[in-house]
There are 2 protein chains.
Amino acid sequence: MLNALTAEPNDATAQEIHGRLVARGDAVGLATVYRTLALLSRHGVVDALMHHAGEVCYRLCSEGHHHHLVCGACHRVVELGDCDLDGWLSGLAAEHGFTVSAHTVEVTGTCADCLAA
Amino acid sequence: MLNALTAEPNDATAQEIHGRLVARGDAVGLATVYRTLALLSRHGVVDALMHHAGEVCYRLCSEGHHHHLVCGACHRVVELGDCDLDGWLSGLAAEHGFTVSAHTVEVTGTCADCLAA
DNA sequence: GATGAGAATGAAAACCATTCTCGTATTCGC
DNA sequence: GCGAATACGAGAATGGTTTTCATTCTCATC
């Protein structure tokens, strides 16, 4: 299961992961994939992304706070490690009486390879 | 239809909007609500948010580029107008060979009222 | 005022990702 | 080896969203 995820360079939906496992010969059930992904997600081992409505993508990520840079054409994902938004956001939010507990940033663009193609 | 959205202070799911319209006496079909929301969303009149998986929330927003500050407790939404991330992100993305086309930021926190409660 | 083409609408069915159920298989402690 | 507890897989159920299709509305034309 974890092997399958580490083999995924980019993000994948639960269905894709399941399909790939089955194609590979592992007779794993769809339910188990969902169960495992939910578990891993809850423990912060994988990140759950929802760029398009109706389905969730999972990705094996580094543990710390980070954001994602996604290529709109080929779906390649790069992690952005340094994030100095917390201070800025806290101040901005405080103007509205909010206390910030979390924030997510998702950047979409085009990677060099797709730009050349 | 637009009237219904302007009456929504915060974000609402398509189902909520439909329910409210029906309760108000407008015999509008669920399909029409979805159609109209998709149309408005495509034209940038309303924003589509998906903070939790499985359903989409819509919100009538100002037209320019902005982000959302959402209260995790009461779902109140505040727009954050000024966004000086573009330059920073472009530079960061360029390091990975990416050309940034868009970015979304979603901040979750607790508003003053909910913090007091 | 009647007519007809084309778009808009509503009700119900279809879809599809996700979750639940339940019977079976496996594991762990004893 | 035995029993309890857990994990698993297959299929059914769920629920938000989309599609279908027959009907209704719009409106320009006759």
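Only this structure's heavy atoms are used, side chains among them; waters, hydrogens and symmetry mates stay out. Within every chain, numbering begins at 1; the chains are lettered A, B, ... in the order of the sequence lines, protein sequences first and strands thereafter. On a predicted model such as this, the values are computed, not experimentally measured, just so you know.
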ask   = Where do Ala12(B) and Ile17(B) come nearest, in terms of heavy atoms and distance?
value = CB-CG1, 3.8 Å

request  = Have a look at Ala27(A) and say if it touches a base, only the backbone sugar-phosphate, or nothing, with a 4.0 Å heavy-atom cut-off.
outcome  = sugar-phosphate

task = Nearest whole angstrom, please: distance from the P of dT14(D) to the CD of Gln15(B).
result = 16 Å

Nearest-Å distance for atom pair CG/P, residues Asp26(A) and dA10(D) = 12 Å

inquiry  = In this structure, how many angstroms lie between the C1' atom of dC16(C) and the CE atom of Met50(A), rounded?
reply    = 18 Å

note = Arg35(A) has its side chain closest, among dT18(C), dT9(C), dG9(D), to dG9(D)

Flag for Asp47(B)-His66(B): side-chain donor and acceptor within less than 3.5 Å = yes

message = If you only use heavy atoms from C-beta on, which nucleotide in dT9(C), dT17(D), dT18(C) is closest to the side chain of Tyr34(B)?
response = dT17(D)

query = OP1 or OP2 of dG10(C) sitting under 4.0 Å from any side-chain N/O of Thr32(B)?
reply = yes

inquiry  = Tell me the interatomic distance from His52(A), atom NE2, to dA17(C), atom P, rounded to whole angstroms.
reply    = 11 Å

task = Compare the minimum distances between each of dT19(D), dT9(C), dC8(D) and the side chain of Ala31(B), then state the nucleotide with the smallest one.
result = dT19(D)

request  = Measure the distance from NE2 on His18(B) to P on dG10(C) and round it to the nearest whole Å.
outcome  = 8 Å

Hydrophobic cluster membership, Leu69(B) vs Leu85(A), 4.5 Å side-chain cutoff = yes

message = Give me the atom names and distance for the closest heavy-atom approach of Cys57(A) to His52(A).
response = SG-CE1, 4.2 Å

task = Indicate the ring-plane relationship of His65(B) and His103(B), choosing parallel, tilted or perpendicular according to the 30° and 60° boundaries.
result = perpendicular

request  = Please figure out whether Gly54(B) or Gly29(A) has its closest DNA chain D nucleotide nearer the 5' end.
outcome  = Gly29(A)

key: Spacing of Leu39(B) atom CG relative to dA7(C) atom P, expressed in whole Å   = 14 Å

ask   = Can you check the Leu30(B) CG to dC21(D) P distance for me, whole Å?
value = 19 Å

key: Separation of dT19(C) C1' from Glu55(A) CD (nearest whole Å)   = 16 Å

Closest nucleotide among dT18(D), dT18(C), dG9(D) to the Val28(A) side chain = dG9(D)

